[in-house]
Amino acid sequence: MARRKGLISQILDARKQAKKLEAQADARRHRELVAEQKRQEAEARREALRAEAAAKKAQAALAREEIRAKRLNDQAAAKAAREAAQRERAEERLRTAAARAKTQDAAAARRAAEQQEHARRLAEAEFRTDAIAAKVAAYGQLLVDRNRRTGDSTLELRAALSNGGPGAFVERLQHLLAQSRYPDGLTGRAAAHYEPTSRELLIEYELPLQNVVPTVVAYRYSKTKGMTPVPRKEPETKKLYGDLLARLTLRTLAETFDATTPDMVGGIVFNGYVSTKDRATGRAVRPLLISISAERDTFAEIELDEPELDPVLCLRSHLNAIVSPHPYDLEGVRPVMTFDLSKYKFVDEMDVVAGMDSRTDLLKLSPGEFEHLIRRLFEAIGMKSWVTQASKDEGVDGVAINEDPIVGGLCIIQAKRYSKIVGLEAVHALAGVMDHKRAAKGVLVTTSWVGKASRDFATANGRIEIIEGRNLKHMLKEHLDLDVLIGLDKLPPGWAPADVGRGTPS
C-alpha cells in the first residue's frame, strides 16, 4: 500500500516533474518563440532599416545623379553657349574682316580709278601741250614746208598768160597759191593783180588774227587744281605773232617767184592785211600790217631754209619792208603801193571739204588730204582734233579730244586710205599706241574693211572703234553732207554696191 502510494507519488511527482519540465519546455519554447519573434522583429527592423537606408542611399544616389545630370546639362548648355558665342564672335570677326576687305577693295578700286583718271588727265595735259608745241613748231616750219613744186606750173602760167591774158594768169596763180598746205588756222587767202608791161605782180594777202598764236604754252594737271593752262608770256606771244606774219609773207613771195620766171614777174608788191572789227565803233576794218616791194634778185639772196634766219629782220633790213611796229596790237602802216582788187575774187584756202565735189573718190585723195578730211569729220561730230606731223606721228595720224567730263577723253586716230583689207597688225599697233599715250579710246578709220580677227580684237579690247569704208561714207554724208565714192576694185564680203557709191544717184 505504502509501496503503491509511493509509486503513485512517484508517478505524480514524475508527472509534476514532467509537467514542470513541459512547462519549462513551454516556457523555453515561448521564450525562444518570443526571442525568435524579437529576433525576427529585430531582423525585420534591421531589414527595414537596411531597406530604408538602401532607399535613402538610392534616393541620395538618384539625387546625386540628378545633380550630376543637371550639372552636366548645365555644363553642356554653358559649353554650347560658349561655343555659340565663339561662333558668333568668329562670324562677327569674319563679317568684320569681310567688311574691312570690301572697304579696302573699294578704297583700292577707288585709288586705282583715281590713279587711272589722274594718269588719263596727265596724258590729256601732255597731249594738249604737245598739240600746242606742234602748232607752234609748224608755224616755225612754214618756210621749210613751203610748196616747192610751184615751179612745175610755170608752163601752165605762161600758157594762161599767152592765151587768156593777165586775168587768166592771175586766176591760175591764185589757184596755185591756194594749193599750198598750211597748218590749221592759217588760210593762205590771197588776191592778185598783174601788170604785164612792168612785169610787176601785186598781191593782197589775208593775214591771220592774233588768236592763231596759242596764248597757252602748256597744260598742267593736279588733283587739287584740275586741268590748268600755263599762260604764255605776253612778249613771247607778240613775238610769235610777228614772226608768223613775216614767215607767211616770205613764204608767199618765195612760192610766187618759184612759180614764175623773170620774164613774167620781176618784182612783187605784197600787202598783208587783217580783217577785224574796230572795238571803238564795231565797224569792219582792215589794218595793213606788212607792205613790201620785193625784187626777184634781192629776194633770191635769202636762204629760206637756214634755221638761223630771222624772218622779221629779213623783212625790215634786207627787203626794206614796211612792218607794223606793233602787229599784235593791229597797228596799221601805209602801203608802199595800193591797188583796187574789188573786181577780183579771193580764192579760199585749200580746204579739203570745200574742194570736194559731191562725188569725190576717197581713194584719189592724197594721204594728207584724207587725214585732214577725217579731222574735219571729227570736228563736225563735236570733238577737237588735230592732224599730226607725218614724220613724228609715232603711228598716230590724228588726235581728238572729247571734252565731256564723264565719257570724254583722248582719242587716238589712225586713218587708212586703203583699197584692200586692213590687217590685224594695224589694230594691234593702234592698241599699243593707245596704251603708250594713255588714251581713253582709239579709232581706226579706213576706206576699205577689216577682218573678223580685227573686229574680235577690238571688241575684246573695249576701247577700239573701227570705222570701215561704208560706215565712213554714211558719216561723211550725215555730218559733212558729202556724198563720196570709194573706188574699191572689189566689194568686201557682205557689202552692196551702194555702200561704196555705185549705183547711187549723183
Side-chain angles (χ1 to χ4, degrees), residues 138-162 166 169-183 186 188-207 242-273 288-324 327 333 335-339 347 350:
Y139 291 169
Q141 292 292 108
L142 276 172
L143 294 178
V144 176
D145 295 341
R146 67 187 182 276
N147 184 3
R148 299 173 184 266
R149 298 180 60 86
T150 56
D152 298 343
S153 302
T154 301
L155 294 179
E156 296 180 18
L157 288 171
R158 186 180 298 278
L161 180 60
S162 299
F169 172 76
V170 165
E171 183 177 357
R172 181 59 195 155
L173 179 61
Q174 288 181 163
H175 280 284
L176 177 63
L177 293 177
Q179 293 175 11
S180 186
R181 299 293 299 275
Y182 286 89
L186 305 181
R189 294 179 60 199
H193 177 70
Y194 179 61
E195 293 291 342
T197 55
S198 62
R199 295 180 296 112
E200 191 168 49
L201 183 69
L202 298 90
I203 296 177
E204 185 173 295
Y205 192 93
E206 187 71 26
L207 294 171
D243 182 85
L244 171 62
L245 300 187
R247 289 182 186 275
L248 289 171
T249 301
L250 293 175
R251 172 173 166 147
T252 304
L253 293 172
E255 291 177 350
T256 305
F257 278 130
D258 289 344
T260 57
T261 57
D263 63 306
M264 286 190 286
V265 176
I268 300 174
V269 174
F270 178 97
N271 288 332
Y273 294 87
L288 176 67
L289 301 185
I290 296 177
S291 186
I292 180 175
S293 178
E295 297 297 324
R296 180 182 289 271
D297 293 340
T298 305
F299 191 84
E301 298 174 2
I302 305 171
E303 296 290 340
L304 295 177
D305 296 332
E306 172 56 48
E308 297 299 322
L309 175 69
D310 185 332
V312 177
L313 184 62
C314 177
L315 288 179
R316 293 180 184 274
S317 300
H318 182 70
L319 297 177
N320 295 319
I322 301 175
V323 181
S324 170
V333 295
V336 296
M337 183 180 297
T338 60
F339 53 98
V347 176
M350 187 178 182

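All residue numbers refer to positions in the sequence shown, counting from 1. Small disclaimer: the values here were computed from a predicted structure and weren't measured.
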J.: Rounded to the nearest 0.5 Å, how far does OG1 of Thr154 lie from CE of Met264?
T.: 5.5 Å

J.: Quick check: closest heavy atoms across Leu304 and Leu309, and the distance to 0.1 Å?
T.: CA-CD2, 4.0 Å

J.: Run the side-chain contact (heavy atoms from CB on, under 4.5 Å) test on Leu177 and Gln174 for me, step by step, so that the C-alpha distance in whole Å, both residues' side-chain angles and the decisive distance to 0.1 Å come before the verdict.
T.: CA-CA 5 Å; Leu177 293 177; Gln174 288 181 163; 5.8 Å; no

J.: If you define the side chain from C-beta out and look only at heavy atoms, does anything of Ser291 sit under 4.5 Å from Leu288?
T.: yes

J.: What pair of heavy atoms forms the shortest contact from Ala254 to Arg146, and how long is it?
T.: CB-CD, 4.0 Å

J.: Taking the side chain as everything from C-beta on, heavy atoms only, tell me whether Leu248 gets closer than 4.5 Å to Phe270.
T.: no

J.: Rounded to the nearest 0.5 Å, how far apart are CZ of Arg316 and CG of Asp310?
T.: 10.0 Å

J.: With a 4.5 Å limit on heavy-atom distance, are the side chains of His193 and Leu201 in contact?
T.: no

J.: Are the side chains of Asn320 and Thr298 in touch, meaning some heavy atoms are under 4.5 Å apart?
T.: no

J.: What distance do Leu253 atom CG and Tyr205 atom OH have between them, rounded to the nearest 0.5 Å?
T.: 10.5 Å

J.: I would like to know whether Leu161 and Tyr194 meet side-chain contact (heavy atoms from CB on, under 4.5 Å); could you show each step before the answer?
T.: CA-CA 10 Å; Leu161 180 60; Tyr194 179 61; 3.8 Å; yes

J.: How long is the straight-line distance from CZ of Phe299 back to CG of Asp258, given to the nearest 0.5 Å?
T.: 8.0 Å

J.: Testing Ile322, Ile290, Leu289, Asn271 one by one against Val333 for a side-chain contact (heavy atoms from CB on, under 4.5 Å), which residue passes?
T.: Ile322

J.: Does a sphere of radius 6.0 Å around CD in Glu303 hold more than 12 heavy atoms from other residues, nucleotides or ligands, not counting ones at 6.0 Å or beyond?
T.: no

J.: Using the rule given for side-chain contact (heavy atoms from CB on, under 4.5 Å), can you reason through Leu319 versus Ile302, listing the C-alpha separation, both sets of side-chain angles and the distance that settles it, and then say yes or no?
T.: CA-CA 10 Å; Leu319 297 177; Ile302 305 171; 3.9 Å; yes

J.: Can you name the closest pair of heavy atoms from Leu202 and Glu195 and give their distance?
T.: CD1-CG, 4.2 Å

J.: To the nearest 0.5 Å, how far apart are CG in Leu245 and OH in Tyr139?
T.: 10.5 Å

J.: Shortest non-hydrogen contact from Pro327 to Gly242?
T.: CG-CA, 4.2 Å

J.: Hey, does Val265 have a side-chain heavy atom less than 4.5 Å from the side chain of Arg296?
T.: yes

J.: Going by salt bridge (charged side-chain N to carboxylate O under 4.0 Å, His left out), name the residues that satisfy it together with Arg251, two or more places apart in sequence or in a different chain.
T.: Glu255

J.: Could you check whether any side-chain N or O of Glu204 sits under 3.5 Å from a backbone N or O of Ala190, counting only pairs where one atom can act as donor and the other as acceptor?
T.: no

J.: Out of curiosity, Ile268 CD1 to Ile292 CD1, how far, rounded to the nearest 0.5 Å?
T.: 9.5 Å

J.: Please enumerate all residues that pass salt bridge (charged side-chain N to carboxylate O under 4.0 Å, His left out) together with Asp243, with sequence neighbours excluded.
T.: Arg247

J.: Can you name the nearest heavy-atom pair linking Ala160 to Arg172, along with the distance?
T.: CB-CB, 4.2 Å

J.: Do NZ/NE/NH1/NH2 and the carboxylate oxygens of Asp263 and Arg158 come within less than 4.0 Å?
T.: yes

J.: For residues Ser293 and Glu200, report the shortest heavy-atom separation together with the two atoms involved.
T.: OG-OE2, 4.4 Å

J.: In plain terms, say whether Arg148 and Asp305 are close enough for a salt bridge, that is, a side-chain N and a carboxylate O under 4.0 Å apart.
T.: yes

